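What you see below is based on every heavy atom in this structure, not just the backbone, and it leaves out hydrogens, waters and symmetry mates. All figures in this text were calculated on a predicted structure; none of them were measured in a lab.
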Amino acid sequence: MNIILILAGLVILGAASQWLAWRVKLPAIIFLLGIGIIAGPVTGWIQPDQLFGPLLFPGISLAVAVILFEGALNLRLRELGGLASVIRRMVSLGAISSWLILAVATHWIADFNWTMAILFGAVVVVSGPTVIGPVLRAARPNARISNVLMWESILIDPIGALLAVLVFEAIIAHHGSTGLNSAVEVFLKMLGAGVVLGILAGQSLGWLLKKRAIPDYLHGVVALGSVFIIFAAANQIAHESGLLAVTLMGVWLANMRDIPLENILNFKESLSILLISILFILLAARLNLLALKEVIISGVLLTLVIQLIAQPVKVLLAYDGKELNWKERFMTGWIAPRGIVAAAGAPVYAGQLEALNYPKAHLFVPLTFALIIVTVLLASFTARPMARLLGVSEKDPRGILIVGANAFAIAVAGKLKEWGFRPLLVDDEYRQIQAARMAGLDTFLGSPVSEAADRQLNLIGFGYLLALSTDAARNLIASLRYDPEFGHRSVFTLADGSSRKTSARNRTAKQHRRLHLFSEDATAGSLLDKMEKGWTLKATGLTEQFEWVQYQQQFTAGFLALFVLHKNGKLQVINSDQSQPEPRAGDQILALVAPDVAPTEDAH
């Protein structure tokens, strides 16, 4: 079959799987593996080994490096809070305990000899952001759980890869003339090469970006080339140290100050999606269905071992009881899907095990994929109900997605931040985003309905959309896009004036209308005009002596109530569906107030 047709088909099938996964809120790996199995062993349409020959596994390794680098770019230390020690123990003591438990379980359940079982346990100790991310978006656990799982999923991939290499080197040493000292030496070389090259590469690239030595349109290409070079150089020094190097490179870049990463993130995001899609399809296409059928029961039993033994032990070792309560610890241990690094590493080791004539080596890859399939399915369909049952899902989200970064939107976001909320401003105008950053606000440069926004915006913990853009069409499109995400009662847009128009050709269709912010007269133009005339945002607390009635009487020159923060911490967004808010003593009111009679902020 024409190789160009096959490559085109891979891209289209991968895109279709990603779209379907987005629609049904499930990890794309489920659909990618299904397509790969159909296209490979079922129909024989794709035969990866014949298609790519000796370039198959080097290409897979480079693709995994790009995926890990892209994931690491989203790891910011400031988001950890007091959870750094937890993550450190999860990827050290927790990883070792999971490895040993899985090794013993594999020996008894799958009847692998001890050597193969120990290697298998090392290969499947990893999880990965490609499977954890979609599960978290669907389950929406609280921020503490989400941060721990996301950090652990990215950091455990290179650590698991190093562990697997160490075990395999020990196997080779056992079969050859070298001793175990050689395996330890190899491990130390891998660790040193990965750490040194990763940090140097991250610092160097960050310095070039900060000095604007690279034009914006080349940021993505230069970053990609840097990943390839560092990955290859690290592997040249010490086999399989490249994954550690590129992961550390990404983490280092993500935590440098004032580094423009938007172009890299946008470029890498699209590339990572493409690579993940093609990789899973190709790896699944290499499966032997008869062998997969033979080990599926073992995969289910090993999943039970992970859920009921390995993960609880990992959590016990990782937490000292202060960071999270028992329900949050249980939820952290429940979400344990396996992902791309296990899928990519298993075929490499299986081939070498078969060359060494290990019994049942042909079942190594099918068992790995059986475990991936079962763990992903279990996490996908049980995480959300489990989070609700335990009461660890985001009940009162503090995150607020704000479309637009004009002066009014920045002022609103600043006040909401003072109230303890987490506003995120989204705009594709660099100057406006720059102004928001100067105000100390979190931002996203790009369209709120772009592919990059779909993949990069971490909306875990977000519960509201405020469409404050001066572009009425963008407000409408954003509200339609995020209505399924947040719910109809949590999506608000500024009025565009169309509801007052007499012609049906100019009015927004009823099914597309959303709750209008503040009042039907509060358009983007009118709000910005008020601010230019000196109107300011004022947060005022109500007391038993200074109630809502007195508050209204004080602003004779005019005011527009925007939000009410109730004393129980719940935010009320004033909108067109409410004739008047009913704040009480202990509540705070945020209003846009005329300049000449504005009271002192928080005076009451």
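- The backbone N or O of Gly440 sits less than 3.5 Å from a side-chain atom of Lys417, completing a donor-acceptor pair.
- Considering only residues two or more places apart in sequence or on other chains, Ala524 meets the side chain to side chain contact (heavy atoms under 4.5 Å, CB included) condition with Thr470, Leu494.
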*Could you walk me through whether Met90 and Thr332 pass side-chain contact (heavy atoms from CB on, under 4.5 Å), step by step?*
CA-CA 11 Å; Met90 287 191 77; Thr332 303; 4.1 Å; yes
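- In this structure, Thr443 OG1 and Gln434 CD are separated by 10.0 Å, a value rounded to the nearest 0.5 Å.
- With sequence neighbours excluded, the residues forming a side chain to side chain contact (heavy atoms under 4.5 Å, CB included) with Ala472 are Asp496, listed by chain and number.
- If you take CD1 on Ile145 and CG on Leu390, they are separated by 8.0 Å, rounding to the nearest 0.5 Å.
- A pairwise comparison of heavy atoms in Met256 and Ile259 identifies CB-CG1, 3.5 Å as the closest pair.
- Ile410 and Ala436 make their closest contact through CD1-N, 3.7 Å (heavy atoms, listed as atom of the first residue, atom of the second, distance).
- Ser469 and Arg474 share no side-chain donor-acceptor pair at under 3.5 Å.
- Of the possible polar contacts, one joining the Asn255 side chain to the Val251 backbone as a donor-acceptor pair under 3.5 Å is found.
- Contact between Gly404 and Asp427 at its shortest, heavy atoms only, is CA-OD2, 3.4 Å.
- For Ala409, the side chain to side chain contact (heavy atoms under 4.5 Å, CB included) partners two or more places apart in sequence, or in a different chain, are Ile402, Asn406, Leu425, Leu468.
- The shortest distance between side-chain heavy atoms of Arg481 and Pro448 does not fall below 4.5 Å.
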Below 3.5 Å, can you tabulate the donor-acceptor pairs from side chains in residues 200-216 to any protein atom, sequence neighbours excluded?
{"residue": "Gln203", "atom": "OE1", "partner": "Trp252", "partner atom": "NE1", "Å": "2.7"}
{"residue": "Ser204", "atom": "OG", "partner": "Leu200", "partner atom": "O", "Å": "2.8"}
{"residue": "Arg212", "atom": "NH1", "partner": "Asp216", "partner atom": "OD1", "Å": "3.3"}

*Report the C-alpha distance between Leu528 and Trp535 in whole Å, list the side-chain angles of each, state the deciding distance to 0.1 Å, and finish with yes or no for side-chain contact (heavy atoms from CB on, under 4.5 Å).*
CA-CA 9 Å; Leu528 289 171; Trp535 287 51; over 6 Å; no
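- Annotation for Val246 and Ala65: closest pair CG2-O, 3.7 Å, computed over non-hydrogen atoms.
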_As a quick check of understanding, evaluate side-chain contact (heavy atoms from CB on, under 4.5 Å) for Val86 and Glu152, giving each step before the final call._
CA-CA 9 Å; Val86 174; Glu152 190 250 353; over 6 Å; no
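- Residues Ser447 and Val426 approach most closely at C-CG1, 4.2 Å, considering heavy atoms.
- Here the side chains of Thr540 and Leu590 are not in contact, with every heavy-atom distance at 4.5 Å or above.
- Residues passing the side chain to side chain contact (heavy atoms under 4.5 Å, CB included) test with Asp587, sequence neighbours excluded: Val564, His566, Lys567, Pro583, Arg584.
- For Asp471, the salt bridge (charged side-chain N to carboxylate O under 4.0 Å, His left out) criterion is met by no residue, not counting sequence neighbours.
- In terms of the side chain to side chain donor-acceptor pair (under 3.5 Å) criterion, residue partners of Ser526 (sequence neighbours excluded) are, by chain and number, Thr523.
- For Asp442 (side chain) and Leu424 (main-chain N/O), no donor-acceptor pair under 3.5 Å exists by modelled atom type.
- Of the inter-residue distances, the one linking Asn475 atom CG with Leu466 atom CG reads 10.5 Å to the nearest 0.5 angstrom.
- Between Val412 and Phe563, the closest side-chain pair of non-hydrogen atoms falls below 4.5 Å.
- Side-chain contact between Phe330 and Met386 is present, with at least one heavy-atom pair separated by less than 4.5 Å.
- Interatomic distance, CG of Leu465 versus OG of Ser479, reported as 7.0 Å (0.5 Å rounding).
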*side-chain contact (heavy atoms from CB on, under 4.5 Å) between Gln588 and Leu542, intermediate numbers included*: CA-CA 6 Å; Gln588 295 185 63; Leu542 300 184; over 6 Å; no
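- Atoms CG and NZ, from Leu565 and Lys415 in turn, are 13.0 Å apart once rounded to the nearest 0.5 Å.
- Ser153 is linked by a side chain to side chain donor-acceptor pair (under 3.5 Å) to nothing, counting only residues two or more places apart in sequence or in another chain.
- Residues satisfying the salt bridge (charged side-chain N to carboxylate O under 4.0 Å, His left out) test with Arg388, not counting sequence neighbours, are none.
- In terms of heavy-atom proximity, Ala245 sits nearest to Ile230 at CB-CG2, 3.8 Å.
- Residues Arg422 and Ile400 fail the side-chain proximity criterion, which asks for heavy atoms closer than 4.5 Å.
- Residues Ser380 and Ile30 have side chains in contact (heavy-atom distance under 4.5 Å, counting atoms from C-beta outward).
- The shortest side-chain heavy-atom distance between Thr382 and Trp334 falls under the 4.5 Å cut-off.
- Contact check for Thr247 versus Phe69: no side-chain heavy atoms found under the 4.5 Å cut-off.
- Between Leu155 atom CG and Met150 atom CE the span is 11.5 Å, to the nearest 0.5 Å.
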